[in-house]
2 protein chains.
Amino acid sequence: MRSQSTTDGGLAQAVIRRFHALRPLSDEAVGALEQAILEGLFRAGPGEDLVAEGDPIDSVRIVLSGWLYRHKTLEDGRRQIVNFILPGETCDAHAYLLSTIDHSITTATPVTYAEIKRARFEKLMASERTLAEAFMCETLLNNAIQREWAINLGRRAALEKVAHLFCEIYERLRPVGLVDGNSCSFPVTQMDLADATGLSVVHLNRTIQELRATGLITLRERTLTIADLDALKSAALYSPNYLQLYRQV
Amino acid sequence: MRSQSTTDGGLAQAVIRRFHALRPLSDEAVGALEQAILEGLFRAGPGEDLVAEGDPIDSVRIVLSGWLYRHKTLEDGRRQIVNFILPGETCDAHAYLLSTIDHSITTATPVTYAEIKRARFEKLMASERTLAEAFMCETLLNNAIQREWAINLGRRAALEKVAHLFCEIYERLRPVGLVDGNSCSFPVTQMDLADATGLSVVHLNRTIQELRATGLITLRERTLTIADLDALKSAALYSPNYLQLYRQV
DNA sequence: CGGCTGATTGATCCCGGTCAAATGAGGTGG
DNA sequence: CCACCTCATTTGACCGGGATCAATCAGCCG
């Protein structure tokens, strides 16, 4: 069940860390953002739709913890996950400019998020220039990621697709401080992974086994461990420049 | 060869029409935009790279006429066209916020475009609120299109992919006034089309022949004619809501 | 213990890739 | 005007990666 939450506890840390990696923020900007976040905290359980295709949008949501994914479905049920939304990331900055949204957003895990109403958000953007730039950067980064997914879906072979997704998620979790050595949380089902890579569940399962067999990764109990990141990147034909927006941190 | 151009002749019409369809513009905004466009006109021949992966960006380019495409290439040469850029569309609004760009932009035909330097562009955005919103909308629209491409590449069958691409391009050319009845210009090679749909050239060719055989389309001399748009959309499992940003015009 | 969801395995099939060659359409220089 | 070259489209034959169908297995929860 979705419910308002009142706990705090440095929840906004992931967001702040990530924004700092995107764009230097002034102290005032950090304060204002933190403030806005703490005013509208919410929780959602796993498998809940935060946004459904066709909904109108009138607020911005920022994920403090947990994973979500954006997805689209064809009439006959074929589904494509078009991106994951990780802690610290924004669901839909500026999306209120659209009349309705073109895709759904569903939680993969329990999620904590902040909701900032449109008017509040616009005021924040107007008063904090560095913050507005950071949100703009985030939108551009999303665009870049989406383009990379296009080549992943269109041109990479099954093993490369899955390896690439693992590399990307790992690199996106890094600036938020959510990687621990060479492993990170990976709380999605193989069905979700299949829909994110455009494969069938059966073939996805076999592909993961192949990655395991070659010793490149371990995936157990919702934890991904990458034995040799460079080797995995090489197997994925991974090129990092689409994530360069993240400054070295 | 790329070269500065001095001719005018209502060249900015496609841009203005499209922006109006995106977002109502004030007369002042239109004037200022037109002015900025006419100050920096350029031409490029077909097959030229306007932007290469890894380039830094310090200006915004707006296409007045001609087609371009964004593409990414893997080490071993596999290429994916991740989107087309059509007349009236912007190459890279705000992209100067990125240190370098993650993909290349190449002309598919002779192209006329306007180049607005970053400083000039930012001044324009600051002084014309409706214009800034329109550019923001365009970025969001790009995002939405990119997501739709993900499901196209990941989940649609070959015939559906090609049919869907045809529908989308047709609908994107419509607000710019570049469709004529049920046909429009379609100046790309089958190789490009293959790389845009994630198919091989051979199979793309057979797919087009199938679309021809079923009487859905004609594609001759770089002109696409859609006999029955509804039928084509139905064959493509096309859902228009990702392009809803375009107001009815 | 039964029911459910998710992971795994096996067997078979087919869509779309690959390789190779032929045809066509401009363009160019002699 | 023709021979020749290049690039795009088309066709044919064959192959294989990944889809599909169908069970089985493993946790987990009530």
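Residue numbers begin at 1 in each chain, while the letters A, B, ... track the order of the sequences.
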In whole Å, what is the span from the [atom1] atom of [X] to the [atom2] atom of [N]?
X	N	atom1	atom2	result
A/Leu219	C/dA7	CG	P	9 Å
B/Ile208	D/dT10	CD1	P	7 Å
B/Phe186	D/dT9	CZ	P	12 Å
B/Arg78	D/dG17	CZ	C1'	13 Å
B/Asp195	D/dT9	CG	C1'	16 Å
B/Glu160	C/dG16	CD	C1'	14 Å
B/Glu221	D/dT9	CD	C1'	14 Å
B/His203	C/dC14	NE2	C1'	11 Å

ask   = Does the side chain to side chain contact (heavy atoms under 4.5 Å, CB included) test come out yes or no for B/Glu115 and B/Val60, once each step is laid out?
value = CA-CA 6 Å; B/Glu115 191 171 322; B/Val60 173; over 6 Å; no

Give the nucleotide from the list [options] with an atom nearest to the side chain of [X].
X	options	value
A/Gln190	D/dG18, D/dT10, C/dT8	C/dT8
B/Ser200	C/dA7, C/dT18, D/dT11	C/dT18
B/Val202	C/dT9, D/dT10, C/dC19	C/dC19

key: Note, B/Leu173 side chain near B/Cys184 side chain (heavy atom, < 4.5 Å)   =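 Yes, their side chains come closer than 4.5 Å.
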
message = For a 4.5 angstrom cut-off between non-hydrogen side-chain atoms, does B/Asp192 reach B/Ile81?
response =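 Yes - at least one pair of side-chain heavy atoms lies under 4.5 Å apart.
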
inquiry  = Restricting to non-hydrogen atoms, name the atom on B/Tyr170 and the atom on B/Val179 that form the minimum distance, rounded to 0.1 Å.
reply    =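 Smallest interatomic distance, heavy atoms only, reads O-CG1, 3.6 Å.
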
inquiry  = Mind checking if B/Gly198 touches a base, just sugar-phosphate, or nothing, with heavy atoms under 4.0 Å?
reply    =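 Contact class for B/Gly198: sugar-phosphate only.
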
task = Would you state whether a donor and an acceptor, one from the side chain of B/Arg206 and one from the base of D/dG12, lie under 3.5 Å apart?
result =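 It does, because a donor-acceptor pair links the side chain of B/Arg206 to the base of D/dG12 below 3.5 Å.
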
Would you please confirm or rule out a distance under 4.0 Å between OP1 or OP2 of [N] and any side-chain N or O of [X]?
X	N	result
A/Gln209	C/dT9	yes
A/Arg156	D/dG17	no
A/Arg222	C/dA7	yes
B/Asn205	D/dT10	yes

query = If you pin A/Met191 and A/Arg155 to their nearest nucleotides in DNA chain C, which one's is more 5'?
reply =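 Its nearest nucleotide being more 5', the pick is A/Met191.
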
key: B/Phe166 ring center near B/Phe186 ring center (under 6.0 Å)   =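 Yes: the rings meet the under 6.0 Å criterion.
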
